[in-house]
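Quick notes on the structure that follows.
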Amino acid sequence: MGNLIITIDGPAASGKSTAAHLLAERLSASFLDTGAMYRAVTLAAIRAGVNMNNEEKLLGVLDNLEFQFATQKRKMTVCINGVDVTEQIRQPEVTAKAWYIASSPKLRNRLVQMQRQFAAGKKRTITEGRDQGTVAFPDANIKFYLTADANERARRRQAELRSKGGTESLEKIQKAIDDRDKSDESRSVGPLRPASDAIVVDTTNLSIKEVVEKLLCYVKEKCLKKS
Ligand code: C5P
């Protein structure tokens, strides 16, 4: 069989990023965190002082800087013009403003092209985001859509933030997640939704290990048997 492409889409804090990393490790696959691409362009636009409503200026940011995305062990490193911004793209301001990039048709189109280029040179790719199974890779070998109860997702995000010294309340985190879900689901381009042929996995009551095992079972059943 040709290149293997596995897509994992889902809302914020549904566990898709961790699951995708671990699955990539198990399958010796490359890993692409497409949210990091939206975040990197957002960070660059903030730094350039660009009006976030000006699509042409945002495109200029993407055109005039060199973005590099590379998978390292369990982490995707992001560089802008050779400078590592892997940590900076996780800042709350970047998270809050990423929707400007996410709702621009032209920017999305370009980022989707970059995602396809990334996968084109790889034997196996696991790519995670919001539109990977619906728009970027409609012919993927297998598509997953991970979901989890909104309270559980907020609890997971709080635990993650606490481990880094964060003190945000559960309510505040829950509200930020709800807002992001609504914005991701309602935009006209690349909205968050499961592909019609996606396997939907509710991770609310599953440990990350259980999620990975479950995904692995589907992959073995649907893809690897034929190779
Ligand atoms: O996944 P992460 O939280 O890092 O994504 C940041 C933002 O980028 C999301 O809230 C979403 O608006 C946007 N995004 C997107 N399409 C993707 C991945 C992320 O619109 N494929």
Side-chain angles (χ1 to χ4, degrees), residues 5-21 24 31-46 52-53 55 58 61-62 67 69 71 74-78 85-119 125-138 140 143-148 150 153-154 156-158 160-161 164 166 168 173-195 198 203:
I5 299 190
I6 299 173
T7 60
I8 304 184
D9 290 306
S14 55
K16 61 188 187 309
S17 191
T18 316
H21 272 298
F31 166 80
L32 183 61
D33 168 358
T34 60
M37 302 173 94
Y38 287 84
R39 288 170 178 275
V41 183
T42 308
L43 177 69
I46 294 170
M52 301 296 271
N53 286 308
E55 196 176 37
L58 293 174
V61 168
L62 188 54
F67 292 86
F69 304 94
T71 319
R74 296 228 176 166
K75 178 153 125 175
M76 200 173 85
T77 53
V78 181
V85 293
T86 308
E87 299 303 324
Q88 287 87 331
I89 61 167
R90 303 284 153 198
Q91 288 162 358
E93 186 190 1
V94 175
T95 307
K97 291 188 174 163
W99 71 269
Y100 285 103
I101 310 298
S103 38
S104 152
K106 288 185 184 167
L107 270 285
R108 287 201 81 85
N109 195 19
R110 295 284 275 281
L111 291 176
V112 165
Q113 281 174 28
M114 288 166 72
Q115 291 154 16
R116 290 178 182 153
Q117 268 165 22
F118 177 95
T125 301
I126 306 210
T127 176
E128 62 101 344
R130 305 294 191 286
D131 60 344
Q132 296 302 284
T134 50
V135 178
F137 300 99
K143 301 175 185 178
F144 294 108
Y145 187 87
L146 297 197
T147 169
R153 289 193 280 130
R156 286 179 190 169
R157 182 51 51 88
Q158 188 182 45
E160 184 192 332
L161 293 172
K164 295 177 190 158
E168 286 91 341
I173 294 168
Q174 174 104 51
K175 163 100 177 53
I177 286 182
D178 286 348
D179 289 348
R180 271 217 292 158
D181 284 357
K182 281 194 194 107
S183 150
D184 281 336
E185 284 163 0
S186 64
R187 66 170 166 255
S188 55
V189 280
L192 169 67
R193 61 177 172 78
T203 70

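All figures in this text were calculated on a predicted structure; none of them were measured in a lab. When a ligand or atom number is given, it counts from 1 through the structure's own listing order.
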Could you check whether any heavy atom of Glu128 sits closer than 4.0 Å to an atom of ligand 1, since that is the contact criterion I want to use? no

Of the backbone atoms (N, CA, C, O) and the side-chain heavy atoms from C-beta on, which set of Gln115 has a member under 4.0 Å from an atom of ligand 1: side chain, backbone, both, or neither? neither

Show which atoms of ligand 1 fall inside a sub-4.0 Å distance from at least one heavy-atom site of Ala102. 12 (O), 13 (C), 20 (O)

Closest to atom 4 (O) of ligand 1 among protein heavy atoms sits Arg39 NE, 2.6 Å

What's the shortest distance from atom 19 (C) of ligand 1 to any protein heavy atom, and which residue and atom give it? Gly35 CA, 3.5 Å

So which protein heavy atom does atom 16 (N) of ligand 1 come closest to, and at what separation? Arg108 NH2, 3.0 Å

Among all protein heavy atoms in this structure, tell me which lies nearest to atom 1 (O) of ligand 1, with the distance rounded to 0.1 Å. Arg130 NH1, 2.9 Å

Atom indices of ligand 1, in the order listed, that fall short of 4.0 Å to a heavy atom of Gly129: 18 (C), 21 (N)

Among all protein heavy atoms, pick out the one at the shortest distance from atom 12 (O) of ligand 1; state its residue, atom name and that distance to 0.1 Å. Asp184 OD1, 2.6 Å

Exercise: do Gln132 and Thr127 side chains pair donor with acceptor under 3.5 Å: yes

For atom 21 (N) of ligand 1, what is the nearest protein heavy atom, given as residue, atom name and distance? Asp131 OD1, 2.8 Å

Gln115 side chain to Ala136 main-chain N or O, any donor-acceptor pair under 3.5 Å? no

Have a look at ligand 1 and work out which part of Arg180, if any, has a heavy atom under 4.0 Å from it: side chain, backbone, both or neither. side chain

Between the side chains of Asp9 and Arg130, is the shortest nitrogen-to-carboxylate-oxygen separation below 4.0 Å, so that they form an ion pair? no

Would Ile46 and Lys97 satisfy side chain to side chain contact (heavy atoms under 4.5 Å, CB included), going step by step from the backbone distance to the final call? CA-CA 9 Å; Ile46 294 170; Lys97 291 188 174 163; 4.0 Å; yes

By side-chain contact (heavy atoms from CB on, under 4.5 Å) - contacts of Gln88 (at least two apart): Leu43, Arg47, Val85, Gln91

Closest protein heavy atom (residue, atom, distance) for atom 18 (C) of ligand 1: Thr34 OG1, 3.4 Å

Derivation and outcome, side chain to side chain contact (heavy atoms under 4.5 Å, CB included), residues Trp99 and Arg187: CA-CA 9 Å; Trp99 71 269; Arg187 66 170 166 255; 5.9 Å; no

Distance filter under 4.0 Å to Gln132 heavy atoms, resulting ligand 1 atoms: 21 (N)

Say whether, by atom type as modelled, one donor and one acceptor occur between the side chain of Lys143 and the main chain of Thr7 under 3.5 angstrom. no

Please state which protein non-hydrogen atom is closest to atom 8 (O) of ligand 1 and give its distance, to 0.1 Å? Tyr38 CB, 3.5 Å

When you compare the side chains of Tyr38 and Arg108, does any donor N or O come within less than 3.5 Å of an acceptor on the partner? yes

Polar proximity ligand 1 side, Trp99 side, N/O cut 3.5 Å exclusive: no

If you measure from each heavy atom of Arg90 to ligand 1, is any distance below 4.0 Å? yes

Residue pair Thr134 / Arg193, side-chain donor-acceptor N/O under 3.5 Å: no

Taking atom types as modelled, find out whether Arg156 and Thr18 have a side-chain donor-acceptor pair closer than 3.5 angstrom. no

